[in-house]
2 protein chains.
Amino acid sequence: MSLRESTASNLGFAILGLLARGAATGYDLAQRLERPVGYFWAARHSQIYPELARLAGAGLVAYDEEAGRGPRTTKRYRITPAGQVALADWVASEFEPQPVRDLEVLRLWSIWTVTPETARKVVQVARARHGELLARYQAELAEVESDPDSGDPRHPLFASRITLEGGLRTRRAALEWCDWMLTQWE
Amino acid sequence: MSLRESTASNLGFAILGLLARGAATGYDLAQRLERPVGYFWAARHSQIYPELARLAGAGLVAYDEEAGRGPRTTKRYRITPAGQVALADWVASEFEPQPVRDLEVLRLWSIWTVTPETARKVVQVARARHGELLARYQAELAEVESDPDSGDPRHPLFASRITLEGGLRTRRAALEWCDWMLTQWE
DNA sequence: CCTTTCATGTAATGGGTTACATGATTCG
DNA sequence: CGAATCATGTAACCCATTACATGAAAGG
């Protein structure tokens with residue numbers, strides 16, 4: 001665990017993390033970086049394709065070309081041994097906490113400028129959103145837990161399980177916070 | 001509460017939120033956007049000065065010039081009535097949840113690639129960081145709560161109090177999550 | 001036949017960090 | 001007298017979003 005110069009960006013490690021779980025096309029990666037992984041790290045395809053090219057240039061990923069359906073060939077990427085080392089290294093590396101940017105809290109921080117009635121509406125909308133996410137996480141966690149591999153610390157599903165558990169706990173705390181806030185306008 | 005075209009960026013509303021609590025120089029704003037406000041919205045002075053110029057151009061803030069200490073004049077900014085309206089409007093406006101980017105969770109999501117011993121170390125470091133933040137939030141909350149104005153929904157300290165309370169709850173949940181995780185490698 | 005999905009890229013723009021640049025006052 | 005603080009700005013670069021662009025196969 002030491003401070004290190006990275007060969008890949010944060011997005012690069014998100015992609016390596018996906019490829020460590022299985023080979024995929026840029027298109028596949030873009031979809032997973034919208035939905036399951038996107039809960040904590042989102043990205044669009046326009047960002048993913050150039051990053052894949054960089055990772056390939058650094059030898060952290062490699063690809064086979066299949067004759068594609070569109071105008072270009074389809075590239076199926078996989079992580080290389082060097083990529084696996086880089087990923088594991090990065091997981092264990094120390095890094096100082098990055099600057100946070102939470103739009104919901106920023107909004108609440110100025111909520112004293114509106115009437116209590118408006119304020120309560122804002123909190124209720126936020127509460128509903130947290131509730132939706134909580135339900136989604138719970139459903140996904142149930143699915144992951146149904147697989148016995150999710151108990152094995154060296155299996156990807158183990159990591160899926162603990163990150164989902166974290167999301168769940170965070171959302172539950174946020175819901176309780178919203179309920180508490182609603183009691184604060186007398 | 002309707003979807004609206006904003007006159008200011010998110011950073012702009014962070015600045016308006018600060019100025020709504022009192023006049024300040026760009027330098028003052030930069031400091032508060034590092035420490036207390038930086039817990040949920042951080043920014044550097046190189047971003048703040050141009051944004052202040054934009055806000056002034058849009059008539060949302062105004063400034064008085066004092067003969068400054070350095071090579072340039074010191075500008076003390078205050079929010080205008082139009083700025084107050086824009087801020088309150090924005091607080092009540094709907095906006096779809098922005099893409100999340102949480103480096104800590106991204107890292108844990110690939111933790112299955114390292115040995116259980118290394119993994120536990122990673123979680124312990126994260127746990128310590130959450131503990132530190134919790135302590136800081138608790139101290140700040142105690143200070144805010146000592147002021148009776150923090151109970152008045154139309155006073156800025158009310159909003160400081162509820163956002164700190166949220167930070168506290170989130171950190172507490174994160175700590176419990178870390179403790180739970182540590183039980184997961186048998 | 002039309003829409004969705006698969007599949008890949010590039011260009012323009014905006015947001016944010018790091019580094020460059022200047023200089024007076026205050027504190028040790 | 002040197003370092004920290006007050007105080008303001010600009011420039012280069014990186015990261016991310018939106019929009020532009022193309023085209024085949026599959027499904028309704």
Side-chain angles (χ1 to χ4, degrees), chain A residues 5-15 23-35 37-38 40-57 61 63-77 95-103 106, chain B residues 5-15 23-35 37-38 40-57 61 63-77 95-103 106:
Chain A
E5 287 299 312
S6 297
T7 38
S9 64
N10 291 331
L11 172 63
F13 288 114
I15 291 173
T25 66
Y27 185 86
D28 295 334
L29 296 171
Q31 288 196 306
R32 293 192 225 158
L33 282 167
E34 295 272 355
R35 249 189 328 143
V37 182
F40 47 87
W41 204 273
R44 307 293 167 88
H45 78 272
S46 60
Q47 222 189 330
I48 291 162
Y49 287 114
E51 183 64 29
L52 278 170
R54 274 188 291 274
L55 291 173
V61 304
Y63 59 89
D64 293 309
E65 278 175 296
E66 305 160 14
R69 303 209 288 184
R72 297 185 195 80
T73 58
T74 295
K75 291 170 191 157
R76 182 155 302 266
Y77 286 87
F95 37 84
E96 60 266 30
Q98 29 140 46
V100 186
R101 241 164 230 112
D102 190 325
L103 205 51
L106 182 63
Chain B
E5 287 301 312
S6 297
T7 37
S9 64
N10 291 331
L11 173 63
F13 288 114
I15 292 173
T25 66
Y27 185 87
D28 294 334
L29 296 171
Q31 288 198 306
R32 293 194 225 159
L33 282 167
E34 296 269 355
R35 247 188 330 143
V37 183
F40 46 88
W41 204 273
R44 307 293 167 88
H45 78 272
S46 60
Q47 222 189 332
I48 292 163
Y49 288 113
E51 183 65 28
L52 278 169
R54 273 189 292 274
L55 291 172
V61 304
Y63 59 88
D64 292 310
E65 276 172 298
E66 305 161 13
R69 302 209 287 181
R72 297 184 195 80
T73 58
T74 295
K75 291 170 191 158
R76 181 153 303 267
Y77 286 89
F95 37 84
E96 61 267 29
Q98 29 140 47
V100 185
R101 241 164 232 112
D102 189 327
L103 205 52
L106 181 63

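Note that these values count all heavy atoms, side chains included, but never hydrogens, waters or copies made by symmetry. Per chain, numbering begins at 1; letters A, B, ... match sequence-line order.
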Interatomic distance where [atom1] belongs to [X] and [atom2] belongs to [N] [whole Å]:
X      : N       : atom1 : atom2 : value
R44(B) : dT17(C) : CZ    : P     : 5 Å
N10(A) : dG16(C) : CG    : P     : 16 Å
L29(B) : dG16(C) : CG    : C1'   : 17 Å
H45(A) : dT22(D) : NE2   : P     : 14 Å
D28(A) : dT5(C)  : CG    : C1'   : 12 Å
R32(B) : dC6(D)  : CZ    : P     : 12 Å
L52(A) : dA16(D) : CG    : P     : 14 Å
Q98(B) : dG14(C) : CD    : C1'   : 15 Å

Does OP1 or OP2 of [N] have a side-chain N or O of [X] closer than 4.0 Å?
X      : N       : answer
T25(B) : dT8(D)  : yes
Q47(B) : dT17(C) : yes
Y27(B) : dT8(D)  : no

From the list [options], which nucleotide is the closest neighbour of the side chain of [X]?
X      : options                  : answer
S46(B) : dA19(C), dC6(C), dA11(C) : dA19(C)
Y49(B) : dT8(D), dT17(C), dT8(C)  : dT8(D)
L11(B) : dG16(C), dG9(D), dC6(D)  : dG16(C)

Flag the pair [X] / [Y] as yes when at least one side-chain heavy-atom distance between them is below 4.5 Å, and no otherwise.
X       : Y       : value
Y27(B)  : I48(B)  : no
R76(B)  : Y63(B)  : no
E34(A)  : R44(A)  : yes
D102(A) : L106(A) : no

Exercise. Closest nucleotide of DNA chain D for P99(B) versus for Q31(B): which of these residues is on the 5' side?
Worked result: Q31(B)
Exercise. For T73(B), which contact category applies under a 4.0 Å heavy-atom criterion: base, sugar-phosphate, or nothing?
Worked result: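 T73(B): backbone/sugar contact only, no base atoms under 4.0 Å.
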Exercise. Reckon R101(B) touches a base, only the sugar-phosphate, or nothing at all at heavy-atom distances under 4.0 Å?
Worked result: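 Sugar-phosphate only.
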Exercise. Considering all heavy atoms of both residues, which atom of G12(B) and which atom of E51(B) are nearest to each other, and what is their separation?
Worked result: CA-OE2, 3.4 Å
